[in-house]
Number of protein chains: 2
Amino acid sequence: MTADAAPAVVCAALGEPTRWKILTRLGEGPMSASALAKVMPVSRQAIGKHLDVLREVGLVESEQRGREVVYVAVGARLNALARELDRIGRVWETRLLRIKELAENPDAGPPAGS
Amino acid sequence: MTADAAPAVVCAALGEPTRWKILTRLGEGPMSASALAKVMPVSRQAIGKHLDVLREVGLVESEQRGREVVYVAVGARLNALARELDRIGRVWETRLLRIKELAENPDAGPPAGS
DNA sequence: CATCACTGCAACCCTATGATTGCAGTTCGC
DNA sequence: GCGAACTGCAATCATAGGGTTGCAGTGATG
C-alpha cells in the first residue's frame with residue numbers, strides 16, 4: 001500500500017517547489033534521475049530523494065530499464081487526489097450553507113441531540 | 001489578487017499537518033483563532049500564522065465579528081484546485097499514452113524536426 | 001578486459017519555518 | 001470605569017528537511 005496516502009500527505013509532496021518541477025518534467029515523458037539532474041539546477045542525489053517521496057505517495061512509478069531507472073508521472077494519482085479534494089470542498093460548502101440558513105431561520109432546524 | 005496562486009503553492013499550504021487540521025476544523029463551521037487554539041495543542045499565535053498562510057492562497061476568508069475575527073473555510077477554492085490538478089493529471093496520461101503508441105508503432109508518427 | 005555511466009547509501013551543512021513567549025492595543029461585559 | 005477576552009506585532013528557539021559531497025557497487029560499451 002503506497003497509493004492511498006491521505007490528501008494532506010500527497011499535497012505535502014506536491015507542495016515542494018523542486019518536486020513540482022521534477023513532476024512537471026516527468027509529465028512530459030519518462031526520464032531517469034540522472035537525465036533530470038542534467039536538466040535541473042540540483043544534484044542527482046537531491047532529485048533521487050524527491051523521487052523517493054513522490055513514489056511514496058504514488059505520484060510516480062519507477063521501472064528498471066537496463067542499467068538505469070526510468071520514472072514516470074502517474075496522472076491517475078493526481079486525478080484521485082483531485083476527486084478527494086473536490087469532495088471535501090463540497091462538504092464544506094454544504095455545511096456552511098446549512099449554517100447560514102439556520103442563522104436566518106432558527107426554527108425547524110436541529111431536532112434532538114445532546 | 002490572492003486567489004489565483006499556482007497549484008503548487010496551494011498544495012504547500014495544504015500539506016502542512018497542523019494547517020490541514022485547522023482547515024478541517026473550519027470546514028465544520030466558522031471559528032475564531034482563539035477558539036481554535038482552545039481546541040488544538042498549539043498556541044493562538046501559531047494558529048494565527050497558519051491562518052495567514054491559508055488566507056494568502058484563498059483557502060480561508062476572515063470576517064470581523066465584533067471584537068473577534070471569524071475564519072471560514074472556502075470550499076470553492078479547494079474545488080478550483082481540484083479542477084486544476086485533474087486537468088494536469090489528464091494531460092500526463094494523454095502524453096504517456098501517445099508515447100507508448102509511438103513506441104509500438106514507430107511509423108507515421110513524428111514529422112520533421114531536428 | 002578496461003572504462004564509463006548510472007545507481008544507492010551515508011554523512012554533513014544550513015536555511016526555512018513551525019512553535020513559543022512576551023507585550024501592547026481594542027472591544028465587550030459588568 | 002475596570003477587568004477580561006481577543007487581536008496583532010516582534011523576538012527567539014529548535015527541528016525538519018532540502019541540498020551537497022564522497023564513495024562503492026553494478027550493468028553497459030568500446
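To find a chain, count down the sequence lines: A is the first, B the second, and so on, and within it residues start at 1.
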D:dG17 OP1/OP2 closer than 4.0 Å to side-chain N/O of A:His50: no
Gap between atoms [atom1] and [atom2], on [X] and [N] respectively (whole Å):
{"X": "A:Lys38", "N": "C:dC4", "atom1": "NZ", "atom2": "P", "value": "15 Å"}
{"X": "B:Leu54", "N": "C:dT17", "atom1": "CG", "atom2": "P", "value": "15 Å"}
{"X": "A:Glu68", "N": "D:dA28", "atom1": "CD", "atom2": "C1'", "value": "10 Å"}

Under 4.5 Å between any side-chain heavy atoms of [X] and [Y], yes or no?
{"X": "B:Val39", "Y": "B:Met31", "answer": "yes"}
{"X": "A:Leu14", "Y": "A:Leu81", "answer": "yes"}
{"X": "A:Leu26", "Y": "A:Leu59", "answer": "no"}
{"X": "B:Cys11", "Y": "A:Val10", "answer": "no"}

Pairwise 5' ranking along DNA chain C for B:Arg65 and A:Arg67, keeping only the more 5' one: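 The residue whose closest nucleotide sits nearer the 5' end is A:Arg67.
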N/O donor-acceptor pair under 3.5 Å between B:Arg19 side chain and B:Leu54 backbone: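 It does not hold such a pair.
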Nucleic acid footprint by protein, nucleotides 20-25 of chain D - heavy-atom cut-off 4.0 Å, B for base, S for sugar-phosphate alone: BBB---
Ion pair B:Asp52/B:Lys49, N-O distance below 4.0 Å: no
For DNA chain D, the residues among residues 10-37 of chain B that have a non-hydrogen atom under 4.0 Å from it: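 Here the set is B:Ser32, B:Ala33, B:Ser34.
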In one Ile/Leu/Val/Met/Phe/Trp/Tyr side-chain cluster, 4.5 Å: B:Leu85, A:Val9: yes
Sugar-phosphate only, base, or nothing, as touched by B:Gly66 at under 4.0 Å among non-hydrogen atoms: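 The residue B:Gly66 makes sugar-phosphate contact but no base contact.
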Heavy-atom pair with the smallest gap, counting every atom of A:Arg95 and B:Gly27: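 Heavy atoms only, the tightest pair is NE-O, 3.2 Å.
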